[in-house]
Number of protein chains: 2
Amino acid sequence: MSTPGKTVPERRPTLQSIAAMAGVSHQTVSNVLNAPDRVAEHTRARVLDVIEQLNYRPNETARSLARRSTRLISFHIGAGHHNEASMLDPFMRELAKVGAEHAYRVVLDIAGDEDEDQIASYEELHARRSVDGVVIPETHVGDTRPAWLVEHGMPTVAFGRPWADPDPRHSWVDVDGGHGMRLVAEHLLQTGHERIAYVGPPRNRGMEDDRLDGLLAGLVDSGVEPDPALHLVVESPSGLRQALPALLADHRPTALACRDDAFAFEAIQVLDELGLRPGEDVAVTGFDDSDLARICRPQITSVAQPIREVAELIWESLLAQLAGTAEAPLRRLTLPRLVTRDSTTTWSPA
Amino acid sequence: MSTPGKTVPERRPTLQSIAAMAGVSHQTVSNVLNAPDRVAEHTRARVLDVIEQLNYRPNETARSLARRSTRLISFHIGAGHHNEASMLDPFMRELAKVGAEHAYRVVLDIAGDEDEDQIASYEELHARRSVDGVVIPETHVGDTRPAWLVEHGMPTVAFGRPWADPDPRHSWVDVDGGHGMRLVAEHLLQTGHERIAYVGPPRNRGMEDDRLDGLLAGLVDSGVEPDPALHLVVESPSGLRQALPALLADHRPTALACRDDAFAFEAIQVLDELGLRPGEDVAVTGFDDSDLARICRPQITSVAQPIREVAELIWESLLAQLAGTAEAPLRRLTLPRLVTRDSTTTWSPA
DNA sequence: CGTAGGGATTTGAGCGGTCAAACACAAGCC
DNA sequence: GGCTTGTGTTTGACCGCTCAAATCCCTACG
């Protein structure tokens, strides 16, 4: 029974102590661990024996200091509110999982919401050498963060395109939202829809445009001329309550392609209140394939982001940058897939 | 323009270099940073000047090695699926925020779902000294993890009670779910309900009992005899579709007190399908005060967990354990509060 | 039989801080 | 004037590893 509050320092074995017990030099022990092929069979066996007996593991901090690498990367987010159906959290988990496969770990860093706050935080991370790299999980138009990181030689990958940045020098991975919305368009057209409305926030030269334009392009490609009236702009889902009825009454869309699941969910509820059966009378689609899309009724057809693939690509680039083998910045658009559910499959023309 | 792929090592200033430039010893520089009052005014000014000029920051890793503390704590979770409306993620953010106020950081560690997987992971963390402490964000009946950590001298706090553990030696913080459900009971009784049903998974000698018993106790305290028939047991929310109609038909509850928001949300949808107006005809309450509770219609009356307070308490205990000043393990139940919304306030007796 | 070559192992110097103890030096006291 | 006291500063060891270079020993070869 240990004295409470007095955690005994507990001396753990070190490279030295293992070496002493095995009757070899510290470096040989190190080699057994890091370059086993350099050590003679019998020596290795003996050393491993001692290691096993004492349950030795190298001290990570000492390693980090000597190797000048923490094997930590920062998942860096703002303190602000995140939207409901965001997949940021599952994404962070995925990033940690993939990182673990490469003996890297993810630390969660939270700074203010403004670019300058975040950069101030990077500055600390950088100067204190507390992480090997940074993952920026969201980007916006005019984002100044990636450039700062690149300039300061910090390995970086952004999840999100360098919107409206003519000459990005950093690595990024993003999901092709436009493609996702094309899938939506095709799916809806195939289902028999002719009047498909887009529901989302105003254009922002960034992600909003990507999704909206994707839908429009999808329609055009199938020979459908988009109707500008079938474009409902609301800042946030809560605006739908007021705005959606008019759109429905004036322009009679049969399908609502929404910017994300939160919009789709709200749309469904408004439809319901108006006495329209969501799915059956008016089809609805979302984006992100969040939990919400699965648990609500009707279940929402949604575009699923390949977060596993994104996490893998990010690590690939990060590791290359860390190894110094990165030829050029990674610029990669991944393809989302459509998950069809009741909110579109039960539709039948009036 | 830097050569791509060849991140230059970039020599940063060290204690030594600052010392040399300021014409003092390395220790004086260290003191300026860690114990400014020990340094004479003019010396301090001169050193700070150099520090500022070179934008010096101490290398975290070197610090960690010398001080034998990483200033990292592990937020340790299983790889498994987390339920929809869980507040684990917001909680982790809160933990990181509060940690930052104490110059500590949170790393996300993911292991298998079984206790033994997690313990194997702890073993690594412990042997490699890669973190100073561990936060276990969920506990279950018969949890073997906290004991392991305590035995190995690892500072630990669990978010969750030591369910069914007669003699826990570890620190924990939890939210008093029973109290939360009492609030629900009182609120519903005040609103005029007489037939209040509980909806949730089977008893498990743990959290399920806590919530259920809290509700029952709340009823009894107000002089209402609980009706065993008003207890709907379903493994998961999806079971409600099948089970709820019978409960409603056979026992006519006017309110459904649900185990969490996911159950509440599903209940609302089933009510709706049955032609009953959720909120107005049958009141519904949830637990967790998740995003879902706010965005769904009707908005769900829910019990909000004080995650900020929990995060603060956890750090308090963690820091005390780290400092060796912890007298006894922390055992703390925090009080949730009720957030009333349309799902109960619009109810009117038939 | 001396020596070049190569695998196995050791040596020694960092990495960049912290901590404890030693050391100046001036003031305060009897 | 010697002694204590105390503040400000320096010294040196150490944390536990990795890396580069040196050393050792045995074999192969001319």
Point to revise | Working for salt bridge (Lys or Arg N to Asp or Glu O under 4.0 Å), residues A/Asp174 and A/Arg331 | key: CA-CA 8 Å; A/Asp174 201 2; A/Arg331 294 154 193 190; over 6 Å; no
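Under 4.0 angstrom from either OP1 or OP2 of D/dG16 there lies no side-chain N or O belonging to A/Tyr56.
Between the NE2 atom of A/His42 and the C1' atom of C/dT9 there is a distance of 10 Å, rounded to whole Å. To the nearest angstrom, P of D/dG12 lies 12 Å from CD of B/Gln16. Rounded to whole Å, the distance from CG on A/Asp37 to P on C/dA8 is 9 Å. One atom, CG of A/Leu33, and another, P of D/dT18, lie 7 Å apart when rounded to the nearest Å. One interatomic measurement links the two molecules: CZ of A/Arg57 to C1' of D/dG16, which rounds to 16 Å at whole-angstrom precision. Rounded to whole Å, the distance from CZ on A/Arg44 to P on C/dG7 is 15 Å. Rounded to an integer number of Å, the gap from CG of A/Leu65 to P of C/dA13 is 18 Å. Whole-Å rounding puts the B/Arg129 CZ to D/dG16 P distance at 9 Å.
Looking at A/Glu312 and A/Arg332, no side-chain N of the basic residue comes within less than 4.0 Å of a carboxylate O on the acidic one, giving no salt bridge.
One N or O on the side chain of B/Asn34 and one on the backbone of B/Ser30 form a donor-acceptor pair closer than 3.5 Å. When atom types are taken as modelled, the side chain of A/Thr156 and the backbone of A/Met154 share a donor-acceptor pair closer than 3.5 angstrom.
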Under 3.5 Å, which N/O atoms of the protein pair with N/O atoms of nucleotides 18-20 of chain C?
| from | atom 1 | to | atom 2 | distance (Å) |
| --- | --- | --- | --- | --- |
| C/dT18 | OP1 | B/Asn34 | ND2 | 3.0 |
| C/dT18 | OP1 | B/Arg63 | NE | 2.9 |
| C/dT18 | OP2 | B/Ser30 | OG | 2.8 |
| C/dT18 | OP2 | B/Asn34 | ND2 | 3.4 |
| C/dC19 | N4 | B/Gln27 | NE2 | 2.2 |
| C/dA20 | N6 | B/Gln27 | NE2 | 2.9 |

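Using a 4.5 Å cut-off on side-chain heavy atoms (C-beta onward), A/Tyr122 and A/Val131 make no contact.
B/Thr43 comes within 4.0 angstrom of the backbone, heavy atoms only, and of no base. Using a 4.0 Å heavy-atom cutoff across all strands shown, A/Ser64 reaches no nucleic acid atom at all.
Relative ring orientation between A/His126 and A/His152 is described as perpendicular, the plane-to-plane angle rising above 60° on a 0-90° scale split at 30° and 60°. Using cut-offs of 30° and 60° on the angle between ring planes, the pair A/Phe159 and A/Phe91 is tilted.
The side chain of A/Asn31 approaches C/dT9 more closely than any other nucleotide in the set D/dT10, C/dT9, D/dC17. With C/dT10, D/dC17, D/dT9 as the candidates, the nucleotide lying closest to the side chain of A/Thr14 is D/dC17.
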